[in-house]
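The structure under discussion appears below in the form of C-alpha cells.
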Amino acid sequence: MSDSFDLGEPPQPAKAADVAYRVLARKYRPQTFSELIGQDAMVQTLGNAIKRDRLAHAFLMTGVRGVGKTSTARLIAKALNCIGPDGEGGPTIDPCGVCEPCRAIAEGRHIDVIEMDAASHTGVDDVREIIDASRYSAVTARFKIYIIDEVHMLSKNAFNALLKTLEEPPPHVKFLFATTEVNKVPVTVLSRCQRFDLRRISAEQLAKHFAWVSSEEGVVADPEALMLIARAAEGSARDGLSILDQAIAHAGLEGGGVTAEAVRQMLGLSDRGAVRDLLTLILAGDGAGALASMRRQYDYGVDPLSVLRSLLETVHGITLTKVGTPPDAAQPMEERAAREEWAASLGFPALHRLWQLFLKGHDEVAKAALPIEAAEMALLRAIYASTLPDPGELARQIASGATVAAAPTAPPPPVPSGEAPPWNAGSAAKAPEPVATGPILPPTFEALVDLLDESGGLAIAARLRHGARVVSYAPPEFALSGSRPVSADTLAELNTLLKTVTRTAWKVSIVDAPGEPTLREAQDAADAAVRQAILESPIMKAAVAAFPDAQLESWPGQRSNA
C-alpha cells in the first residue's frame with residue numbers, strides 16, 4: 001500500500017506590497033534651495049555666507065507654520081555636508097542631492113544629522129545628551145548637525161544648560177533651531193544664534209506652485225480654484241498643499257478636475273459673485289433683499305463669518321482701487337470692474353464707515369451664540385447707517401448754520417437700476433437745503449475756537465483757549481501775543497486745521513504786544529463777577545446770615561471750567 005498526499009495548488013508568489021501614499025505636503029517638500037519658494041533673501045544670505053566661509057555656529061528659523069523652517073534646516077545640513085558627485089566638493093548653496101550625505105540626510109538616516117522634537121523632549125536630561133555627544137567628532141560628515149524643532153518648547157533649565165555649548169560649540173558642531181513662537185525663546189539664546197525670519201508666502205507664489213504640483217500629479221485645476229486655495233492657506237505652503245490634496249480627492253475619478261465651485265463648497269467659502277450682489281443690496285438700502293441673500297448663502301453651507309470676511313475684503317479692495325493701487329493680475333475681470341465702479345461712486349468716508357461696521361459685525365459673529373442672527377443684524381446696521389449724515393459734513397452744516405435733517409426712522413426703499421444708492425448720495429442729499437461751499441469766517445476768536453473744537457481739533461482748541469492772548473482778530477487773519485510763546489509745530493498744525501475747517505487760508509502772526517486775556521482767563525473773570533454779584537445780593541446775604549457755614553458752589557448759567 002502506498003500513501004499519497006494531496007499537496008493542493010502550488011504556492012503563489014506574494015504580491016509586491018503596495019507603496020504607501022505620500023501626501024502632497026511630504027511628496028513635494030523642497031530638496032534644494034531653488035525649490036524653496038518665497039524665501040529669496042534668506043537663500044542669498046546663506047549663499048554669501050557659504051562662499052565667504054562665514055558660517056555661524058547656530059541658526060534660528062522662525063515663522064508661521066508651513067513656510068519651510070524644518071525644510072530649510074535640512075537643506076542647510078545638506079549644504080554644509082555635501083561632498084559633490086565626485087566626493088571632492090565642499091560646502092555649497094546648491095547641494096548635489098546624489099552624494100551619500102545628501103541622500104542620507106534627505107532620507108533621514110544620516111548618523112551625524114540628529115533631529116529632535118523639543119515638544120516631546122523638553123527636559124534638561126535631553127539637552128545633556130546633546131551636550132555630551134557634541135564633544136565627539138562627526139563620524140562620516142563634515143559637520144555634526146543638531147536640528148531642534150519647536151525649540152521654544154524646551155524648559156527653562158534645558159535652555160540654561162544649552163547656553164554654554166551654544167555660545168562656544170566645538171568647531172565640528174552646528175545647531176539649527178526652528179520655532180513658530182520666537183517670543184518664547186529666551187533672549188540669551190536668541191543672542192547666540194543667527195536668526196532668519198521666514199516670510200509668509202504670497203498667494204500668487206502659492207497659486208503658481210500649486211499649478212505646478214497639479215501638473216505633476218496629472219490633475220486639471222482651475223486658476224481661480226488654485227487662488228482660492230492659496231488665499232485659504234494664509235501664506236503656508238504646507239496648509240495649501242493639504243487643502244489641494246483634499247480638493248483633488250473631492251474631485252473624484254470623473255476627471256472633472258479641481259474647480260472653484262468645488263473648492264468653495266469644500267471650504268465653506270462665499271462665492272465672489274454672491275458677495276458682490278450682497279454688497280450691492282446693502283449699498284442700495286434693500287434690507288429684505290440683503291437678508292434673503294445672506295440666508296441663501298447660509299443654506300448653501302457658507303459660514304456667516306466667511307461672508308463678513310468676504311465683505312471686508314471687498315471693501316478693502318475698493319478702497320485700494322480708489323487710492324490708485326494697481327489691480328491684482330489674478331483677479332477676475334468681473335471683480336475688477338465692480339471694484340472700479342464702486343471706487344468711482346463711493347467716497348472715502350462711506351468706505352471707512354462700511355469697513356468699521358463690517359469689522360464690528362465680524363467680531364460679533366465670531367463671538368455670538370447665534371452666528372447667522374448676529375450676521376443679519378450686522379447687515380441691517382450697515383443698511384441703516386446709509387441713511388445717517390457723514391460726521392464731517394454734519395459739523396460743517398452746524399458751523400455754517402444750515403438746518404440738519406433728522407435721519408429717517410426706516411430704511412430707504414430699494415433704488416432702481418441706474419440711480420445712485422443711499423451710500424452714494426451723501427448727507428447733502430438728505431438736508432433740506434444745500435450745504436454752504438464758501439469759506440466759514442467766525443465773527444469772534446471765541447467762535448473760531450469753538451468751531452475747531454466741534455470739528456475734531458480738540459487739542460488745538462484747548463491750547464488756544466488756555467494759552468492764546470489775542471492782539472487783533474480780523475478774519476481770515478489774527479495776531480497772538482508773544483508773551484505766551486507758541487511753538488512752530490503748533491502754528492503749522494493750526495494753519496492746516498483752519499484751512500480744512502473753514503475752507504480758506506488764514507494768516508496767523510505772533511507780535512510783541514500784551515494782548516487780551518485768554519479765553520479761560522476771561523471765562524474765570526466773568527464767573528467771578530457773577531459770583532460776587534450773587535454774594536452781594538440781599539437774598540444771599542440773608543442766607544449766609546442764617547447759615548454761616550453755607551458756601552456758594554454753583555449757580556444757574558455757570559459755565560464749565562473744562
Side-chain angles (χ1 to χ4, degrees), residues 260-261 264-265 268-322 331-366 368 370-390 407-427 429-430:
E261 182 62 28
R264 286 193 188 95
Q265 292 181 0
L269 298 177
S270 182
D271 179 75
R272 302 304 301 177
V275 171
R276 291 195 298 270
D277 293 341
L278 177 58
L279 184 57
T280 301
L281 293 169
I282 293 172
L283 295 177
D286 187 355
L291 293 184
S293 175
M294 183 71 192
R295 278 288 175 176
R296 189 161 50 248
Q297 295 191 60
Y298 181 71
D299 292 340
Y300 287 154
V302 178
D303 185 8
L305 198 65
S306 174
V307 177
L308 269 299
R309 188 182 301 114
S310 298
L311 287 171
L312 283 168
E313 292 174 354
T314 303
V315 173
H316 178 255
I318 296 170
T319 308
L320 293 184
T321 302
K322 191 170 184 65
Q331 196 176 72
M333 289 300 298
E334 310 85 50
E335 183 81 7
R336 193 180 309 175
R339 290 186 180 184
E340 290 174 354
E341 183 178 350
W342 278 322
S345 60
L346 292 172
F348 282 114
L351 288 171
H352 293 319
R353 203 172 356 158
L354 272 174
W355 173 266
Q356 292 297 332
L357 289 166
F358 289 150
L359 186 62
K360 180 176 176 59
H362 180 276
D363 294 342
E364 290 176 352
V365 172
L370 304 171
I372 181 60
E373 286 79 0
E376 290 175 342
M377 295 302 293
L379 297 186
L380 288 176
R381 185 165 58 229
I383 291 170
Y384 274 85
S386 67
T387 65
L388 299 177
D390 176 73
T409 58
V415 177
S417 176
E419 297 184 16
W423 275 92
N424 302 350
S427 59
K430 303 176 188 65

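In what follows, residues are counted from 1 in the order of the sequence shown. The analysis underlying the following values was restricted to heavy atoms, covering all of them including side chains, and did not include hydrogens, waters or symmetry mates.
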Ignoring hydrogens and geometry, is there a side-chain-to-backbone donor-acceptor pair from Thr319 to Val315 under 3.5 Å?
yes
Residues Glu364, Lys360: salt bridge by 4.0 Å N-O rule:
yes
Salt bridge between Glu341 and Arg276, side-chain N to carboxylate O under 4.0 Å?
no
[X] versus [Y], closest heavy-atom pair with distance:
X: Ala378; Y: Gly361; result: CB-CA, 3.7 Å
X: Ala343; Y: Thr321; result: CB-CG2, 4.0 Å
X: Ser293; Y: Ala274; result: OG-O, 4.3 Å
X: Leu278; Y: Ala290; result: CD1-O, 3.5 Å

Rounded to the nearest 0.5 Å, what separation is found between the [atom1] atom of [X] and the [atom2] atom of [Y]?
X: Gln297; Y: Asp277; atom1: CD; atom2: CG; answer: 8.5 Å
X: Trp355; Y: His362; atom1: CH2; atom2: NE2; answer: 9.5 Å
X: Leu279; Y: Ser310; atom1: CG; atom2: OG; answer: 11.0 Å
X: Asp286; Y: Thr280; atom1: CG; atom2: OG1; answer: 10.5 Å
X: Met377; Y: Arg381; atom1: CE; atom2: CZ; answer: 7.5 Å
X: Leu354; Y: Leu312; atom1: CG; atom2: CG; answer: 10.0 Å

Between [X] and [Y], is any pair of side-chain heavy atoms under 4.5 Å apart?
X: Phe358; Y: Thr314; value: no
X: Leu346; Y: Leu283; value: yes
X: Glu313; Y: Val275; value: no
X: Met294; Y: Ile372; value: yes

Apply side-chain contact (heavy atoms from CB on, under 4.5 Å) to residues Leu379 and Val307 and explain how you reach the verdict.
CA-CA 11 Å; Leu379 297 186; Val307 177; 5.8 Å; no
